[in-house]
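A short write-up of the structure that comes next.
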Amino acid sequence: MFKNVIDESTELRILEERHAGEVYALMSADLSRHPELGETFAVEFVKDKIRHDLSLHAESMGLGAGIWYNGDLAGAIRYHEIDLINRSTELGYWVGSAFEGKGLVTKACRAFIDHAFRSLDLNRIVISCAAPNLRSRAVPERLGFKQEFVARQSERLQGGFVDMVIYSLLKSEWSDRQSPGLDSR
């Protein structure tokens, strides 16, 4: 069973189908923040996403984990499909509004970044953030990512098109002083 203890209150655990209800409840509480999910959002949709991430993980092509805070599911983090040829991936994350401001996403990203560079030997990680989402954009900026460009009106969110800010981090830029990586405890 995959589990990574980050600190006394925070841990990462691989998301499994049995977590679908918790993920659904947490996202449903903040559905206004996830309008891209639309009216068809249901527990079965969450299960499908979890199954997809599990199949990617089984093929060493991805990883999806829940972020637990004091025993409660607070959010999730994932590698979108890993490009083994180019040794790169995109990192995605979200956290419930009740858990914002606790540094959970930054801690989880540090662990995933360290794992990507040290254990998976990837060379590049990308994070895409909606331009108006300053909290989300603060994460890659805090972690030393470089802003590469703005993809104008490239994603439909909240009833309209938004610009996406694209950040990247290279293995050569990742400092040895960062957090220890993921393990399989």
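For clarity, every value in this text was computed on a predicted model and none was experimentally measured. When reading the values below, keep in mind they use all heavy atoms of this one structure, side chains included, and skip hydrogens, waters and symmetry mates.
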Task: Minimum side-chain heavy-atom gap Ser60-Ile82 below 4.5 Å - done: no
- [ ] State the CD1-CD distance between Ile125 and Glu173, to the nearest 0.5 angstrom.
- [x] 10.5 Å
Task: Those residues that, when tested against His80, pass side-chain hydrogen bond (donor to acceptor under 3.5 Å, both in side chains) (two or more places apart) - done: Arg78
TODO: Output all residues satisfying side chain to side chain contact (heavy atoms under 4.5 Å, CB included) with Asp48, sequence neighbours left out; order by chain, then residue number.
DONE: Glu44, Arg51
Open item on the list: Please check this pair: side chain of Lys47 against backbone of Glu17, looking for a donor-acceptor N/O pair closer than 3.5 Å.
Closed with: no
Open item on the list: Counting C-beta onward and ignoring hydrogens, is there a side-chain heavy-atom pair between Leu54 and Ile14 closer than 4.5 Å?
Closed with: yes
Open item on the list: Test your reading of the model: is there a side-chain donor-acceptor pair from Asp163 to the backbone of Gln153, 3.5 Å cut-off?
Closed with: yes
Task: Audit row: Trp68, Thr10, side-chain contact (heavy atoms from CB on, under 4.5 Å) steps and yes/no - done: CA-CA 6 Å; Trp68 270 263; Thr10 312; over 6 Å; no
Open item on the list: According to side-chain hydrogen bond (donor to acceptor under 3.5 Å, both in side chains), who are the partners of Ser88, at least two apart in sequence or on a separate chain?
Closed with: none
Open item on the list: Using 0.5 Å steps for rounding, measure from the CZ atom of Phe99 to the CG atom of Leu73.
Closed with: 7.5 Å
TODO: Answer whether the closest heavy-atom distance between the side chains of Leu122 and Lys171 falls below 4.5 Å.
DONE: no
TODO: Sequence neighbours left out, what passes ring pair (Phe, Tyr, Trp, His ring centres under 6.0 Å) with Tyr24? Give chain and number order.
DONE: Phe41
Task: Over all atoms of both residues, closest heavy-atom pair of Ile166 and Ser128 - done: CD1-OG, 3.3 Å
Open item on the list: Evaluate Val23 against Trp94 for side-chain contact (heavy atoms from CB on, under 4.5 Å), listing each step before the verdict.
Closed with: CA-CA 11 Å; Val23 172; Trp94 63 270; 4.0 Å; yes
Open item on the list: I'd like to know if the side chain of Glu22 reaches the main chain of His19, judged simply by a donor and an acceptor atom lying under 3.5 Å from each other, with no hydrogens or angles considered.
Closed with: no
Open item on the list: By the salt bridge (Lys or Arg N to Asp or Glu O under 4.0 Å) test, which pairs, at least two apart or in different chains, include something from residues 54-66?
Closed with: none
Task: Min side-chain heavy-atom separation Trp174-Arg110 under 4.5 Å - done: yes
Task: Any donor-acceptor pair under 3.5 Å from Asp72 side chain to Ala74 backbone - done: no
Open item on the list: Tell me if a side-chain donor or acceptor on Tyr69 pairs with a main-chain N or O of Lys102 at a distance below 3.5 Å.
Closed with: no
Would you list the atom pairs, donor with acceptor, under 3.5 Å between side chains in residues 138-151 and any protein atom, with sequence neighbours excluded?
from, atom 1, to, atom 2, distance (Å)
Glu141, OE2, Tyr167, OH, 2.5
Arg142, NH1, Thr106, OG1, 2.6
Glu148, OE1, Arg124, NH2, 3.1
Glu148, OE2, Arg124, NH1, 2.7
Glu148, OE2, Arg124, NH2, 3.3
Glu148, OE2, Ser168, OG, 2.6

